[in-house]
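We use all heavy atoms of the structure for the numbers below, so side chains are in, but hydrogens, waters and symmetry mates are not. In this text the structure is predicted, and so the values were computed from the model without any measurement. Residue numbers begin at 1 in each chain, while the letters A, B, ... track the order of the sequences.
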Protein chains: 2
Amino acid sequence: MTSEPLAEPPADRPRRTSEATKAAILAAARARFAEHGYERTTIRGVAGDAGIDASMVMRYFGSKEQLFEAALAIDLKLPDVRDVPPDDVPALFVRHFLDRWEGDPTDDALLVLLRSAVTNDQAAARMRDVFARQVAPAVLAALPPGPDAPARAALLSAQLLGLALARYLLRLPPVLALAPEQVEELYAPALAAVLTPGRPL
Amino acid sequence: MTSEPLAEPPADRPRRTSEATKAAILAAARARFAEHGYERTTIRGVAGDAGIDASMVMRYFGSKEQLFEAALAIDLKLPDVRDVPPDDVPALFVRHFLDRWEGDPTDDALLVLLRSAVTNDQAAARMRDVFARQVAPAVLAALPPGPDAPARAALLSAQLLGLALARYLLRLPPVLALAPEQVEELYAPALAAVLTPGRPL
DNA sequence: GACGTTGGCCAACGAGCGTTGGCCTCACCG
DNA sequence: CGGTGAGGCCAACGCTCGTTGGCCAACGTC
């Protein structure tokens with residue numbers, strides 16, 4: 001009753017192409033890494049989700065670490081804020097990340113990254129890389145130049161990561177209870193405070 | 001050459017008391033859990049740090065999970081802000097947490113909790129508990145009552161957790177480069193923005 | 001000095017993991 | 001029709017882990 005490896009395929013296994021299988025593995029891996037982190041994700045589990053044997057994962061990706069590396073690929077698709085009125089930038093960022101996090105669950109590479117980066121140095125390095133190459137440039141475009149501009153950009157990231165942490169990983173009830181518009185309304189001013197030097201309080 | 005189990009104790013093992021050993025195990029466990037998280041921390045490693053055999057850990061704490069539970073005990077020692085001028089509250093919180101995080105490294109229960117809570121449900125539940133019992137009451141004391149007060153308190157926690165994440169776990173370079181006073185100066189206004197309803201921008 | 005108690009070690013089990021290599025089975029090309 | 005290669009399965013190895021149980025040596029008390 002554990003499994004039926006006998007004469008099963010009625011019409012189900014239409015003999016996938018290698019690319020399709022690889023994509024299925026990657027999707028399954030992203031979902032598992034995002035939910036359980038690196039250590040607790042097993043090759044056998046990923047393979048099971050993708051409907052194949054664990055050895056196939058090895059064949060296609062070489063090792064668990066390389067599969068992980070492939071799952072970390074991420075493009076935040078941050079908006080270009082150079083043409084946005086400065087007062088609208090904070091709300092725009094909050095909205096953008098909420099949309100990403102709450103949107104397509106198969107595209108949860110960002111949560112993969114966040115969950116793994118906390119215990120996995122490889123993922124943490126990748127996170128720093130994402131910050132340096134994607135977040136920092138996008139934020140700096142909205143920031144008056146100055147010696148502490150990079151710090152402000154990083155602290156803005158810290159706030160957004162803290163939001164993701166509280167809402168999606170720790171699931172703090174009061175944060176979970178908020179509608180996206182409420183999050184935007186309450187949190188955007190906080191981003192603004194970090195973005196804008198010398199803004200009077 | 002791997003070890004010398006023979007006639008070793010010259011004068012070194014003064015036959016510790018049970019309480020001392022238990023405390024040594026707990027300290028080693030906190031350090032390992034804080035650095036590596038739950039999964040990558042091994043009983044054998046903890047026992048090695050404490051200078052004893054792995055089976056002793058079992059005898060004193062029952063199981064890895066119970067050891068973990070014991071390591072999660074934490075008291076944030078949050079200040080009472082009822083007598084503090086509202087304008088000073090945000091800076092006070094930032095300073096308090098920086099002091100805790102940057103202080104005594106043996107007292108890193110908070111980082112244990114943060115690092116583990118991301119992949120371990122038990123730790124996440126404990127984190128929610130810490131928020132509800134310690135953070136929320138302390139913050140609500142500094143907040144004008146209102147329907148969204150709990151949300152504001154939670155978002156403030158998100159900010160502080162984001163700061164810890166960026167500085168101590170992800171080690172984002174621009175955040176790491178800041179002196180504590182600079183963090184306080186740049187981040188406190190952001191806390192203020194979340195704390196204070198309707199503060200004009 | 002006998003003896004129970006206490007702190008500690010050692011060896012092993014059983015399970016789960018990543019990883020390997022061989023074998024099978026179709027679809028397609030000649 | 002024969003062959004070849006790609007997609008896939010199965011069985012196993014070696015390792016590490018949490019956990020168990022038995023054994024040992026020192027101490028304290030009568």
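Taking every side-chain heavy atom of B/A54 into account, D/dT19 is the closest of D/dG18, C/dC17, D/dT19. The side chain of B/T17 has C/dG7 as its nearest neighbour among C/dG18, D/dG18, C/dG7. If you check C/dG7, D/dG18, C/dC17 against the side chain of B/I43, the one that comes closest is D/dG18.
Along DNA chain C, the nucleotide closest to A/R40 and the one closest to B/R44 are compared, and the more 5′ of them pairs with B/R44.
Atom CE of A/M58 and atom P of D/dA11 are 19 Å apart (whole Å). Atom C1' of nucleotide D/dA12 and atom CG of A/D53 are separated by 12 Å, given to the nearest angstrom. Atom pair B/M56:CE and D/dA25:P shows a separation of 16 Å (rounding to whole Å applied). Here the P atom of nucleotide C/dG7 and the CD1 atom of B/I52 are 12 Å apart, to the nearest Å. Atom-to-atom, CD of A/E39 to P of C/dC17 comes out at 13 Å; the value is rounded to the nearest Å.
Annotation for B/E185: atom CD does not count as buried by contact number, only 12 or fewer foreign heavy atoms lying within 6.0 Å.
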Enumerate the protein-to-nucleotides 22-24 of chain D contacts in which both atoms are nitrogen or oxygen and the separation is below 3.5 Å.
none

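Residue A/F61 is classed as having no contact, given no heavy-atom separation below 4.0 Å to the nucleic acid.
Between D/dG18 and B/S63, no contact under 4.0 Å exists linking OP1 or OP2 to a side-chain N or O.
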